[in-house]
Amino acid sequence: MLIVKKFGGTSVANKERIFNVAKRCIEDYKNGNKVVVVLSAMGKQTDVLLDMAKDINPKASRRELDMLLTTGEQTSVALMAMAMDSLGVPAVSMNAFQVAMHTTADYGSARIKRIDTERIKNELDNRRIVVITGFQGINKYDDYTTLGRGGSDTTAVALAAALHADACEIYTDVDGVFTADPRIVPKARKLGEITYDEMLELASLGAGVLHNRSVEMAKKYGVQLVVRSSLNTSEGTVVKEESNMEKMLVSGVAADKNVVQIAVEGLENKPGVAFKLFQHLANHNVNVDMILQSVEHDGTQDISFTVTEDMADTAIETIERHAHTSLKCSNTEVVKDVSKVSIVGAGMMTNAGVAAKMFEALYDAGVNILQISTSEIRVTVLIEEKYTDIAAQAIHDAFSLES
Ligand code: ADP
Ligand code: ASP
Ligand code: MG
């Protein structure tokens, strides 16, 4: 078997954990498997590097940031190969250049385009464990890129797809995918399995246990994932194509505090206004999420939408640049202390009353809803950020998701 095993930051945070991971990989190797290991930077190293950059130059270019951040993963793979070697097992570490892992040009949010697998295959054939940097790639300028925070999961899935691996295991600091973040909702229950679609919604809505693009890629290439703990041997959660299990009405609750609401006020109420507003934003690569258009008052209307925190400044600058020309709005307002709380479940498609039950739980908990959006298998509300944990807990209780 060819097995891809990915370990996150906490799983390689110190010497003891590095040896723990090395031993788990060696076990598979000694059972005759080919083993590819993907690692994140140790502990909170990526945050440490970002703070260092900010201290030197708060407006550092994305290119230099990526140059810096890729050192985190390079440290962990080299140390891991050394640890395996010290345990008597041949291992070789490789970074994105050595692989090579080709991505799009966008620093900070690159997408994997192609992976050269020849060197990896040769090393595996020579009975070495191959330890590869997660999160990073190279672009057409021969520069380092990164895939966005949490992107090592995507590296692992991309490698599993490119190598036609028999298994792709994502090891982390919790026992699997839970009905809610177990750090926020202590009674959350571990799921035995979950479909790609549900996992993709949860990951996109703030369940940081998997990078959303890793789930997208797993679905596209049919890579079955197992999410499990690096610290114990419990079974974990299988992420796969729809199974014949009964569809869960609600399989999980996700919360995302990385949200800013922007209201554009006093817009003319005529055709083309929304088009112009969102066209300007798209031209500046601002990804817009929830959108709300108010009813007309005094001949004008307001449009509110949400963006991630890092996009807020660009969004405001863009709107203000066009405020007196093509947009003709009277005012823009920014609300930073908001968050999104969502429920996800494939069973929602065929069951009425799920949204109502969620809103009732919020009402009982005294949480006001600012905005609502839905899809076939999801309901999302925008609320004041200070109520995030209370809301997640209340909704989790209302749907009896606890173990
Ligand atoms: P790693 O460094 O291993 O990639 P992450 O911090 O990226 O780990 O992801 C694991 C964390 O995801 C957990 O510690 C947990 O707090 C958080 N999390 C959020 N939502 C969920 C969920 N639904 N199930 C499990 N973990 C979740
Ligand atoms: N080290 C990177 C991060 O902290 C990538 C990852 O952990 O997946 O975002
Ligand atoms: Mg992660």
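Both ligands and their constituent atoms are indexed starting at 1 by order of listing. Here the structure is a predicted model, which is why all the values come from computation and not from measurement. Just so it is clear, the values below take in all heavy atoms, side chains as well, and ignore hydrogens, waters and symmetry mates.
Protein residues having a heavy atom under 4.0 Å from any atom of ligand 1 are Lys6, Gly8, Gly9, Tyr171, Thr172, Asp173, Val174, Gly176, Val177, Phe178, Ala180, Asp181, Pro182, Arg183, Ala207, Gly208, Val209, listed by chain and number.
Under the 4.0 Å criterion applied to side-chain N and carboxylate O atoms, Arg111 and Glu216 are assigned as salt-bridge partners. Note on Asp389 versus Lys257: salt bridge recorded, some NZ/NE/NH1/NH2 to OD/OE distance being below 4.0 Å.
Protein heavy atom closest to atom 7 (O) of ligand 2, with residue, atom name and distance, is Ser40 OG, 3.1 Å.
When only modelled atom types and interatomic distance are considered, Arg62 and Thr146 share no side-chain donor-acceptor pair under 3.5 Å. Using modelled atom types, one finds no donor on one side chain facing an acceptor on the other under 3.5 Å when comparing Asp197 with Thr195. Checking Asp173 against Thr10 by side-chain atom types alone, a donor-acceptor pair falls below 3.5 Å. Judged purely by distance below 3.5 Å, without hydrogens or angles, the side chains of Thr318 and His280 never pair a donor atom with an acceptor atom. With 3.5 Å as the limit, one finds no donor-acceptor pair spanning the side chains of Gln371 and Ser304.
In terms of N/O distances under 3.5 Å, ligand 2 is approached by Arg149. Among the atoms of Ser152, some N or O lies under 3.5 angstrom from an N or O of ligand 2. Close N/O approach between Gly150 and ligand 2 is found [any backbone or side-chain N/O within under 3.5 Å].
Using cut-offs of 30° and 60° on the angle between ring planes, the pair Tyr171 and Phe7 is parallel.
The proximity of Gln45 to ligand 2, defined as any non-hydrogen pair under 4.0 Å, does not occur for either the backbone or the side chain.
Looking at Asn258, its side chain does come within 3.5 Å of a backbone N or O of Glu309 through a donor-acceptor pair.
The Gly151 neighbourhood of ligand 2 comprises atoms 5 (C), 8 (O), with distances under 4.0 Å to a heavy atom of that residue. Against a heavy-atom cut-off of under 4.0 Å, Glu73 is close to the following atoms of ligand 2: 1 (N), 2 (C), 5 (C).
Residue Gly8 places every heavy atom at 4.0 Å or more from ligand 2. Using a non-hydrogen distance threshold of 4.0 Å, Lys44 does not register as a contact of ligand 2.
A cation-pi arrangement is absent between Arg183 and Phe178, since the terminal nitrogen or guanidinium carbon is not both under 6.0 Å from the aromatic centre and inside a 45° cone about the axis.
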